[in-house]
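Start at 1 with the first residue, then count along the sequence. As a basis for the values below, the full set of heavy atoms in this structure was taken, side chains included, without hydrogen atoms, waters or symmetry mates. Counting starts at 1 for both ligands and their atoms, following the listed order.
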Amino acid sequence: MAMALRAASRVLLRAGSRLGRREAVDGARRFANKRVLVETEGAAGATRIAVMKFRNPPVNSLSLDFLTEFVISLEKLENDKSIRGVILTSDSLKRGNQTKVAATEKTEEKRATRDHGGRLQERPGIFSAGLDLLEMYGRNPAHYAEYWKAVQELWLRLYLSSLTLMSAINGASPAGGCLLAITCDYRIMADNPKYTIGLNESLLGIVAPFWLKDNYVNTIGHRAAERALQLGTLFPPAEALKVGVVDEVVPEDQVHSKTLSVMAKWLAIPDHSRQLTKTMMRKATADNLIKQREADIQNFASFISRDSIQKSLHMYLEKLKHKKG
Ligand SMILES: CCCCCCCC/C=C\C=C\CC(=O)SCCNC(=O)CCNC(=O)[C@H](O)C(C)(C)COP(=O)(O)OP(=O)(O)OC[C@H]1O[C@@H](n2cnc3c(N)ncnc32)[C@H](O)[C@@H]1OP(=O)(O)O
């Protein structure tokens, strides 16, 4: 009997590490893939809220692996009928004792910041650095196509999610980081002038895809989007609030509690009427991509493969590598 139990628990452990860990923590539940930690709050049987924490060191860039894990986690939450609201945030915390590994070391692991025990660490103050530039540089067209399909998938899942989605923006949020935020129903940003948010693609010599542009227009209006997209504006919190990229700016240590209290207000609205309203507002924008997904993938793959675009990305990566501070 004991042997059978041990064998069963080994099978469960193996399945657990394949599917993501699930454990009980102080009455709350959590599951984790390697790059996304999901914690749920609230009593069993009652409405619960999930917090999805990004932890893809060093800067929470949207790598293919991260996108895949994100979509799997979101799908799990969509299928859990007790969950009605999800908060997106970064697991990046201000930590002491960090050492930035030399920029000359090339691999992903070596690029990350590590603590003195050699463990990989998030760089602090980053919500998400956006799409992973290394997925778009120096690869082949088939890879670009696969990557773009995953980017589209994440956007569609978030934009059309029946859950109430909120972002607790606790760090820098350029380009794809801003994409994550503007798919949400509500955005709360930490009041730290070092953090900026916006679609800065034009500064990299690339162009935001039409569906992200549409999402931006729906969020801040046509004229503001037209200007911000051409200039690649990254807004500090006060300006982000003024233009409407975010809905609230609060002191950094209150971002989580404020998001929870706003979430409670949204969850007081009946789900069916809120969801139908959300669909009514968003369906046409999403359908616009759905009906031309394949063409959008091919456009991206050929655009990003151009020598001139690869050169721009190379220069941008070099600039990042050699920047001071
Ligand atoms: C004809 C029309 C067709 C249309 C087709 C559509 C085409 C659309 C194409 C693309 C759309 C892209 C959208 C994007 O999201 S592009 C990504 C934009 N992101 C950025 O510009 C952010 C760049 N990063 C930063 O500004 C900073 O790194 C910051 C996030 C503020 C953090 O700063 P800091 O804490 O000082 O950290 P470091 O700068 O030192 O960065 C640490 C290492 O991480 C690397 N890094 C940073 N960002 C990325 C990234 N997005 N992807 C991959 N790697 C990234 C950085 O190089 C450092 O590496 P190393 O340690 O080796 O120097």
*Asks:* What atoms in ligand 1 come closer than 4.0 Å to a heavy atom of Asp132?
*Replies:* 52 (N), 53 (C)
*Asks:* Which atoms from ligand 1 have a heavy atom of Ala175 less than 4.0 Å away?
*Replies:* 13 (C), 14 (C), 15 (O), 18 (C)
*Asks:* Could you give the distance from NZ (Lys283) to NZ (Lys278), rounded to the nearest 0.5 Å?
*Replies:* 15.0 Å
*Asks:* Taking 4.0 angstrom as the limit and counting only heavy atoms of Gly130, give me the atoms of ligand 1 inside it, by number and element.
*Replies:* 15 (O)
*Asks:* Side chain to side chain contact (heavy atoms under 4.5 Å, CB included) with Met136: which of Leu204, Ile309, Leu313?
*Replies:* Leu313
*Asks:* Considering the options Lys76, Arg35, Arg55, which one meets the salt bridge (charged side-chain N to carboxylate O under 4.0 Å, His left out) requirement together with Glu69?
*Replies:* Arg35
*Asks:* Using salt bridge (Lys or Arg N to Asp or Glu O under 4.0 Å), reason through Arg48 and Glu41 one step at a time and then give a plain yes or no.
*Replies:* CA-CA 6 Å; Arg48 289 185 302 130; Glu41 298 182 11; over 6 Å; no
*Asks:* Check whether Asn215 reaches the backbone of Trp211 with its side chain - one donor and one acceptor, N or O, closer than 3.5 Å.
*Replies:* no
*Asks:* With ring-ring contact (aromatic ring centres under 6.0 Å, His included) as the test, would you mind laying out the steps for Phe127 and Phe54 before giving the verdict?
*Replies:* CA-CA 8 Å; Phe127 179 72; Phe54 320 145; 5.2 Å; yes
*Asks:* State the atoms of ligand 1, each with its element, that fall below the 4.0 Å cut-off from a heavy-atom position in Val207.
*Replies:* 6 (C), 7 (C), 8 (C), 9 (C)
*Asks:* Can you measure from CD1 (Ile188) to CD (Gln254) and round to the nearest 0.5 angstrom?
*Replies:* 10.5 Å
*Asks:* Please could you name the atoms of ligand 1 that Glu201 approaches to less than 4.0 Å, counting only its heavy atoms?
*Replies:* 11 (C), 12 (C), 13 (C)
*Asks:* At under 4.0 Å between heavy atoms, is it the side chain or the backbone of Ile126 that contacts ligand 1, or both, or neither?
*Replies:* side chain
*Asks:* Counting only heavy atoms closer than 4.0 Å, does ligand 1 sit against the backbone of Ile206, its side chain, both, or neither?
*Replies:* side chain
*Asks:* Of the side chain and backbone of Asn200, name the one, both, or neither that has a heavy atom under 4.0 Å from an atom of ligand 1.
*Replies:* side chain
*Asks:* Of all the atoms in ligand 1, which lie at a distance below 4.0 Å from a heavy atom belonging to Tyr316?
*Replies:* 20 (C), 21 (O), 22 (C), 23 (C)
*Asks:* Give the single entry among Leu320, Val59, Leu131, Leu317 that approaches atom 25 (C) of ligand 1 most closely by any heavy atom.
*Replies:* Leu320
*Asks:* May I ask you to list the atoms of ligand 1 that are less than 4.0 angstrom from any heavy atom of Trp148?
*Replies:* 8 (C)
*Asks:* Against heavy atoms of Gly176, which atoms of ligand 1 measure under 4.0 Å?
*Replies:* 14 (C), 15 (O)
*Asks:* How long is the gap from OH on Tyr144 to CZ on Arg139, to the nearest 0.5 Å?
*Replies:* 8.0 Å
*Asks:* For Leu204, which part has a heavy atom under 4.0 Å from ligand 1: side chain, backbone, both, or neither?
*Replies:* side chain
*Asks:* Among Ser63, Ala129, Pro174, which one has a heavy atom closest to atom 19 (N) of ligand 1?
*Replies:* Ala129
*Asks:* Looking only at heavy atoms of Glu135, does any of them come nearer than 4.0 Å to an atom of ligand 1?
*Replies:* no
*Asks:* Counting only heavy atoms not in Asp307, do more than 12 sit closer than 6.0 Å to its CG atom?
*Replies:* no
*Asks:* Look only at interatomic distance and state if Arg306 has a nitrogen or oxygen under 3.5 Å from any nitrogen or oxygen of ligand 1.
*Replies:* no
*Asks:* Any atom of ligand 1 sitting under 4.0 Å from a heavy atom of Phe210?
*Replies:* no
